[in-house]
Protein chains: 2
Amino acid sequence: MSDKTSTRNRILRAARKAFADKGRDGVSMSEIASEAGVQKALIYYYFPSKEDLFFEVWQYSLDELEDHVFAETGSENVYLRKLKKLLRSYISFITSRDEVRRIMERERANIASHPESTWSRVRERYLALRSKISSIIEGAKSEEKIPKDVDSEDAADLIINAMNASQGTDGLESIGEIIWRGLVSQDK
Amino acid sequence: MSDKTSTRNRILRAARKAFADKGRDGVSMSEIASEAGVQKALIYYYFPSKEDLFFEVWQYSLDELEDHVFAETGSENVYLRKLKKLLRSYISFITSRDEVRRIMERERANIASHPESTWSRVRERYLALRSKISSIIEGAKSEEKIPKDVDSEDAADLIINAMNASQGTDGLESIGEIIWRGLVSQDK
DNA sequence: TTTTTTACTTACCGGTCGGTAAAATACTAG
DNA sequence: CTAGTATTTTACCGACCGGTAAGTAAAAAA
C-alpha cells in the first residue's frame with residue numbers, strides 16, 4: 001500500500017492505465033514512463049522487468065476484484081444467495097473500476113491459449129479467482145437450485161468473460177440478468 | 001476462390017494461423033513468411049500492408065462464420081426457432097474452425113475500445129455480423145418468446161463473446177445452454 | 001524474336017523495442 | 001560539512017520491427 005503519491009505507485013497507476021488501453025505486449029515501457037512522468041530507466045529501478053510490472057498490476061487488480069466481489073457473500077448461508085450477491089458485486093465493481101475490467105478483457109486470450117511461461121503466473125492467478133466463483137456455483141448445484149448439467153467452471157468463465165466484455169452499465173445489467181436466469185432455470 | 005495451393009493462399013493460411021496464435025499486433029511479418037515458406041518481401045507483393053493482410057483474413061473468416069451460421073435460419077419462420085438453429089450452428093462452426101474463434105477472441109478488445117483508424121474496418125465488419133444476430137433476437141422478442149427487457153445487441157454480443165471464449169466442445173454446449181435458457185426464461 | 005509482365009529474392013532502411021551502465025542529483029546520518 | 005546511500009537522468013546497446021529498392025529468371029504477349 002504505502003504512500004499513494006510515491007514514485008513507485010505513480011508508475012503502477014500509469015502502467016495499469018496503459019495495460020488497460022493496449023495490453024501488456026501492446027504498450028511500450030517508454031509509453032508507461034511518459035504517462036507516469038518519469039524516465040524509462042527509472043521503471044527498471046523499481047521493477048525488474050516489464051513482465052514483473054505487469055504481473056504486479058494484474059495481481060493487485062484481481063485482489064481488488066476478489067475482495068469486492070466476495071465481501072458480502074460470507075453473510076449469506078444459502079449458496080444461491082451468495083451467487084446473486086456475487087453477480088451484483090461484480091457489476092458494481094466493474095462499473096466503478098473500468099480499468100480492471102479492460103485489463104482482464106485484453107489478456108484473456110493470452111490466459112486461455114499460450115502455454116508460454118510468460119503467462120503462467122498470470123493464468124494461475126486467474127484460475128484462483130475462477131475457482132472461488134465456481135465453488136459457489138457448485139454449492140448452488142448441491143442445493144438443487146442450479147441444474148446438474150451446468151459445469152461450474154464453464155459457468156464461472158462465462159460470468160467473468162461476459163461481464164468483462166460488456167461496456168455500458170445498462171449492458172452489464174442486461175447480461176447479468178440473462179446469465180442469472182440461464183443458471184437458475186430448471187430444465188423442462 | 002482460385003487455387004487452394006497458390007502462393008497467395010499459402011500466405012493467407014499461414015497468416016490466419018499466426019493471427020489466431022498471437023493476434024494481429026503480436027505476430028511479425030517474418031513469422032508469417034516463415035510459416036508460409038516464403039520470403040517476407042513476397043508478402044508485400046501480394047498484400048499492401050500487414051493491416052490489409054489481416055483485414056482479408058478477418059473478412060474471410062467472418063464471411064465463413066456468417067454463411068455457416070445463417071445457412072439454416074431461413075428455412076424457419078418462427079424467430080425463436082431461427083435463434084435455436086443459430087446457436088447450434090455457431091457451436092458446430094466454432095468446433096470445426098477453431099482458428100476463426102481464436103482470431104475473434106484475440107481481437108475483441110481492439111474492436112471494443114480503440115477509435116483508432118487501424119481497427120475501424122475490422123470493427124465495422126464485426127458490427128455487421130452482430131446486427132444480423134440481434135435482428136433475429138429482436139424478432140423473437142416481438143413473438144413474446146424473449147423478455148422485452150433483453151437488449152438485442154447486448155444479447156448478440158453475449159452470444160458471440162461467450163461462445164468465442166469457450167474452448168472445449170463440452171464447455172461450448174454448456175454455455176450455449178445457459179444462454180439459451182437465460183434468453184427464453186420469462187421473468188416472474 | 002523482342003518486349004512486357006509476373007513471381008520472387010537479397011539486401012537494406014529508419015525506427016522502436018526491452019533493457020543496462022554509469023553518471024548525476026537528492027537525501028540522510030554522523 | 002562530509003561521507004554514504006537512495007533516487008533519478010543520460011546515453012547507449014543489440015535485436016527486431018514493418019516496409020522498400022533493386023534486381024532476376026521465367027513465362028506470357030507482341
Side-chain angles (χ1 to χ4, degrees), chain A residues 1-58 103 106-107 110 114 116-122, chain B residues 1-58 103 106-107 110 114 116-122:
Chain A
M1 317 281 163
S2 69
D3 188 5
K4 271 274 187 196
T5 66
S6 73
T7 303
R8 192 169 192 278
N9 281 342
R10 289 227 322 286
I11 294 171
L12 277 171
R13 278 202 307 276
R16 175 146 75 180
K17 179 175 189 298
F19 289 143
D21 285 344
K22 306 191 178 183
R24 189 191 78 173
D25 295 342
V27 87
S28 69
M29 292 298 266
S30 19
E31 284 178 280
I32 296 172
S34 145
E35 179 82 28
V38 301
Q39 298 297 322
K40 185 183 65 165
L42 188 54
I43 301 181
Y44 287 92
Y45 176 74
Y46 289 101
F47 304 92
S49 70
K50 192 191 193 184
E51 190 186 323
D52 287 279
L53 171 58
F54 175 79
F55 183 67
E56 187 155 332
V57 168
W58 181 259
I103 289 178
R106 277 256 165 229
E107 311 300 351
N110 293 316
H114 288 241
E116 283 186 36
S117 63
T118 39
W119 290 105
S120 60
R121 280 187 294 171
V122 177
Chain B
M1 292 281 172
S2 73
D3 187 4
K4 270 275 188 192
T5 66
S6 73
T7 303
R8 193 170 191 276
N9 280 343
R10 289 227 322 286
I11 293 170
L12 277 172
R13 278 202 307 276
R16 175 145 76 180
K17 179 175 188 299
F19 289 143
D21 285 344
K22 306 193 180 182
R24 188 191 78 174
D25 296 341
V27 86
S28 70
M29 292 298 266
S30 19
E31 283 179 280
I32 297 172
S34 145
E35 178 83 29
V38 300
Q39 298 296 323
K40 185 182 65 165
L42 187 56
I43 301 181
Y44 287 93
Y45 176 75
Y46 288 103
F47 305 92
S49 70
K50 192 192 195 183
E51 190 186 324
D52 287 279
L53 172 58
F54 175 78
F55 184 66
E56 187 155 330
V57 168
W58 180 259
I103 289 178
R106 276 254 166 229
E107 311 300 351
N110 294 316
H114 288 243
E116 281 186 37
S117 62
T118 38
W119 291 105
S120 60
R121 280 187 295 173
V122 177

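By convention in this document, chain letters (A, B, ...) are assigned in the order of the sequence lines, proteins followed by strands, and residues within each chain are numbered from 1.
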Do B/Lys50 side-chain and D/dG19 base share a donor-acceptor contact under 3.5 Å?
-> no
Roughly how many Å is it from CD1 in A/Ile43 to P in D/dT10, rounded to a whole number?
-> 15 Å
Measure the distance from CD1 on B/Ile11 to C1' on D/dG18 and round it to the nearest whole Å.
-> 15 Å
Here the distance between atom P of C/dG15 and atom CD of A/Glu31, to the nearest Å, is 18 Å
Phosphate oxygens OP1/OP2 of D/dT7: is one of them under 4.0 Å from a side-chain N or O of A/Tyr45?
-> yes
Using atom CG of A/Asp52 as one end and atom C1' of C/dG19 as the other, report the distance to the nearest whole Å.
-> 13 Å
Taking the six-membered ring of B/Trp119 as reference, does the NZ or CZ atom of B/Arg24 fall below 6.0 Å from its centre and within a 45° cone about the axis?
-> yes
Test side chain to side chain contact (heavy atoms under 4.5 Å, CB included) on A/Leu42 and A/Thr7 and set out the steps.
-> CA-CA 9 Å; A/Leu42 188 54; A/Thr7 303; 3.9 Å; yes
Nucleotide C/dG19, atom P - distance to CG of A/Leu53 in whole Å | 10 Å
Distance below 4.0 Å between A/Ser28 side-chain N/O and C/dC17 OP1 or OP2 = yes
Write down the distance between CZ (A/Phe47) and P (D/dT8), rounded to a whole number of angstrom.
-> 12 Å
C/dT9 P sits how many Å from B/Met29 CE, rounded?
-> 15 Å
A/Tyr46 near the nucleic acid: base, sugar-phosphate alone, or nothing, with a heavy-atom cut-off under 4.0 Å?
-> sugar-phosphate
For C/dT16, does OP1 or OP2 lie under 4.0 Å from any side-chain N or O of A/Ser30?
-> no
Gap between atom CD1 of B/Ile43 and atom OG of B/Ser30 - 0.5 Å precision | 8.0 Å
Toward the 5' end of DNA chain C, by each residue's nearest nucleotide, B/Ala41 or A/Val27 = B/Ala41
Ignoring backbone atoms, test whether A/Tyr44 places a side-chain nitrogen or oxygen under 4.0 Å from the OP1 or OP2 oxygen of C/dT20.
-> no
Between A/Leu42 and B/Arg24, whichever has its closest DNA chain D nucleotide further toward 5' is A/Leu42
Taken to the nearest whole Å, CD/B/Gln39 to P/D/dT20 is 17 Å
For C/dC8, take OP1 and OP2 only and decide whether either is under 4.0 Å from a side-chain N or O of B/Thr7.
-> yes
With rounding to the nearest 0.5 Å, note down the distance linking NZ in A/Lys50 to CD1 in A/Ile32.
-> 6.5 Å
Mapping B/Arg8 and B/Lys40 onto DNA chain C by nearest heavy atom, which one lands closer to the 5' end?
-> B/Arg8
Decide whether a cation-pi geometry holds between A/Arg8 and A/Tyr46; the criteria are a distance under 6.0 Å from NZ or CZ to the six-membered ring centre and an angle within 45° of the ring axis.
-> no
